[in-house]
**Student:** 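Have a look at this one.
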Amino acid sequence: MTSQRYEIRGATLADEEPLLELAQFLNTINLPNDRASIRALLEHAHRSFTGEIGSPADRRFVFVLWDLETQRAVGTSMIVAQHGRREAPYIYLDVIPEEKYSRAVDRHFHHTLLRIGFSYDGPTEIGGLVVHPEYRKVPERLGLLISYVRFLYIAAHRALFRDELIAELLPPLEADGTSHLWEALGRHFTGMSYAEADFLSSRDKAFIRDLFPGGMIYASVLSDQAQRVIGEVGAQTKGVEKMLRRIGFSYAERVDPFDGGPHFIAETDQVTLVQQTKRLEVSESTPSKAEWGLLAKNDEGPPFFRARRAQGEVSEEYLLLPTETREAFGLKPGDPVYFLPLGRPSA
């Protein structure tokens, strides 16, 4: 039995109200509860999908997880084609170990040094993952699907993206959103709260480059609480870390300059989900040994890209689909599609 209730598609200009409704539950930096920000996000995504933004490096793709039964947006994810350009560098803190020993007093110390770094020719960023709380534990594993669709899209449009991928994860934060690293470090150099700086950085990062110290910072002089969060993954993103490691990402020994959250990197073509995505033609036949997968196709007009969890069987260059899936997805024999296998139906 195929699952027809949920669809992932490219975000369109018509998604402003649905995304605002979703943002009311979450209000994150990626999906702020602010109409102007949502509208700007959708306009950028629309121009990215249409190719109106001439430089691929400036494109930002947003995907919406849609409940077809209730007609509401229940999740999002995002790809930033290039995180780090001349006008908006990728900024991070290198995490560098150092050992000190004095024979005279027989004292030995392990220190952690932080050094601000910039990249003006950066990697593709995987981010913007948001799922409505009510939908996080449904059997269809929607969080996994809205996460995986980004890698499927990259595989399907490989020329638009960089040879390295990055994902920035959240560290442990206090219930009120307090970042101990920011309180111990960033606030002293910017005079801003963590929330103010994080929001401003989503629009313009120049203040970090201008105000942060350029040399080495010994984390040893910071509070114990601040030291503990450097490179640590928060409880809310432990599942994301596990998934990233499973598909080929590793810790980059870099952290976010605001909260100390770790950065994970991978070579694009070495990520298993990119490797496993297949471009196929729809077959006239129906499957006899189907497996679950993420089925996707490009559209000429909005929403430009659509994906669903479906059963299919790969046979050489063809994909065999149940008739109901072909009809529901508007497919006919010979149509080009993309398929990312996820496992047998019992999985």
Side-chain angles (χ1 to χ4, degrees), residues 7-11 45 48-49 51 56-65 75-84 90 119 121-129 141-169 237 239-252 254 262-282 291-299 304-310 312-319 336-344 347:
E7 181 172 280
I8 300 169
R9 54 179 177 74
S48 298
F49 281 116
D58 294 333
R59 295 175 188 173
R60 180 172 297 198
F61 302 90
V62 180
F63 305 94
V64 177
L65 175 60
T76 66
S77 64
M78 186 185 305
I79 306 171
V80 177
Q82 184 174 325
H83 179 41
Y90 160 40
S119 174
D121 188 28
T124 289
E125 182 183 10
I126 302 297
L129 186 62
R141 302 174 74 186
L142 298 178
L144 200 66
L145 297 183
I146 190 65
S147 179
Y148 278 14
V149 77
R150 298 169 298 182
F151 301 100
L152 186 158
Y153 191 84
I154 288 171
H157 305 84
R158 182 63 184 85
L160 297 178
F161 302 103
R162 309 290 286 175
D163 292 334
E164 185 177 74
L165 303 179
I166 185 170
E168 302 181 4
L169 301 190
T237 48
V240 177
E241 178 194 11
K242 184 178 179 180
M243 182 274 290
L244 290 173
R245 290 187 182 277
R246 186 174 67 245
I247 66 175
F249 282 72
S250 60
Y251 175 44
R254 295 177 191 165
H263 293 183
F264 281 74
I265 58 172
E267 291 183 31
T268 304
D269 295 326
Q270 296 303 311
V271 172
T272 59
L273 300 180
V274 174
Q275 293 176 338
Q276 292 165 3
T277 296
K278 298 174 172 60
R279 186 186 187 280
L280 304 161
E281 289 186 9
V282 175
E291 63 179 329
W292 282 112
L294 197 54
L295 170 67
K297 70 168 186 170
N298 293 313
D299 292 331
F304 304 106
F305 178 81
R306 293 192 291 144
R308 289 189 186 183
R309 180 174 179 262
E313 180 181 347
V314 177
S315 177
E316 297 181 350
E317 297 178 359
Y318 294 94
L319 181 64
V337 293
Y338 297 90
F339 191 69
L340 172 58
L342 300 176
R344 295 294 173 188

**Student:** Before you tell me yes or no, could you show the steps for Glu316 and Leu280 under side-chain contact (heavy atoms from CB on, under 4.5 Å), namely the whole-Å CA-CA distance, both residues' side-chain angles and the distance that decides it to 0.1 Å?
**Tutor:** CA-CA 8 Å; Glu316 297 181 350; Leu280 304 161; over 6 Å; no
**Student:** What are the two closest non-hydrogen atoms of Gly248 and Ala266, and how far apart are they?
**Tutor:** O-CB, 3.5 Å
**Student:** Under 3.5 Å, sequence neighbours excluded: what are the donor-acceptor pairs made by side chains of residues 267-277?
**Tutor:**
from, atom 1, to, atom 2, distance (Å)
Thr268, OG1, Arg162, O, 2.7
Thr268, OG1, Asp163, O, 3.3
Thr268, OG1, Glu164, N, 3.3
Asp269, OD1, Arg158, NE, 2.8
Asp269, OD2, Arg158, NH2, 3.4
Gln275, NE2, Asp269, O, 3.0
Thr277, OG1, Leu273, O, 2.8

**Student:** With side-chain contact (heavy atoms from CB on, under 4.5 Å) as the test, would you mind laying out the steps for Leu319 and Lys278 before giving the verdict?
**Tutor:** CA-CA 9 Å; Leu319 181 64; Lys278 298 174 172 60; over 6 Å; no
**Student:** Using atom types as modelled and distance alone, determine if a side-chain donor or acceptor of Arg245 lies under 3.5 Å from a backbone N or O of Lys242.
**Tutor:** no
**Student:** Using every non-hydrogen atom in the two residues, find where Leu294 and Arg309 come nearest and quote the distance to one decimal.
**Tutor:** CD1-N, 4.1 Å
**Student:** Under the rule for ring pair (Phe, Tyr, Trp, His ring centres under 6.0 Å), what residues qualify as partners of Phe339, not counting sequence neighbours?
**Tutor:** none
**Student:** Could you check whether the rings of Tyr251 and Phe264 sit parallel, tilted or perpendicular, using 30° and 60° as the cut-offs?
**Tutor:** tilted
**Student:** Any idea how Tyr90 and His83 line up, ring-wise: parallel (<30°), tilted (30 to 60°), or perpendicular (>60°)?
**Tutor:** tilted
**Student:** Stepwise, does the side-chain contact (heavy atoms from CB on, under 4.5 Å) test hold for Ile146 with Thr76?
**Tutor:** CA-CA 7 Å; Ile146 190 65; Thr76 66; 5.7 Å; no
**Student:** To check you understand the geometry: which heavy-atom pair defines the closest contact between Met243 and Ser147, and what is its length?
**Tutor:** CE-OG, 3.0 Å
**Student:** Rounded to the nearest 0.5 Å, how far does CD of Gln82 lie from CZ of Arg59?
**Tutor:** 12.0 Å
**Student:** Got a sec, which residues hit side-chain hydrogen bond (donor to acceptor under 3.5 Å, both in side chains) with Tyr338, two or more places apart in sequence or on another chain?
**Tutor:** none
**Student:** For Ser77 and Leu129, indicate whether the former's side chain and the latter's backbone hold a donor-acceptor pair under 3.5 Å.
**Tutor:** no
**Student:** Under the side chain to side chain contact (heavy atoms under 4.5 Å, CB included) test against Ile154, which residue among Leu160, Val149, Ile126 passes?
**Tutor:** Ile126
**Student:** With sequence neighbours excluded, tell me which residues meet ring pair (Phe, Tyr, Trp, His ring centres under 6.0 Å) with Tyr148.
**Tutor:** none
**Student:** Could you go through Leu165 and Ile265, starting from their C-alpha distance and side-chain angles, then the distance that decides it, and tell me whether this counts as side-chain contact (heavy atoms from CB on, under 4.5 Å)?
**Tutor:** CA-CA 6 Å; Leu165 303 179; Ile265 58 172; over 6 Å; no
**Student:** Would you give the length of the straight line joining atom CD of Glu241 to atom CG of Leu169, rounded to the nearest 0.5 angstrom?
**Tutor:** 7.0 Å
**Student:** Only counting residues at least two apart or in another chain, list the ones meeting ring pair (Phe, Tyr, Trp, His ring centres under 6.0 Å) with Phe49.
**Tutor:** Phe61, Phe63, Tyr153
**Student:** Applying salt bridge (Lys or Arg N to Asp or Glu O under 4.0 Å), name anything that partners Asp299, two or more places apart in sequence or on another chain.
**Tutor:** Lys297, Arg306
**Student:** Mind checking the NE2-CG spacing from His157 to Leu152? Nearest 0.5 Å is all I need.
**Tutor:** 9.5 Å
**Student:** Does the side chain of Glu125 come within less than 4.5 Å of Glu168's, by heavy atoms?
**Tutor:** yes
**Student:** I want to check something: taking the side chain as every heavy atom from C-beta on, are Asn298 and Phe304 in contact at a cut-off of under 4.5 Å?
**Tutor:** no
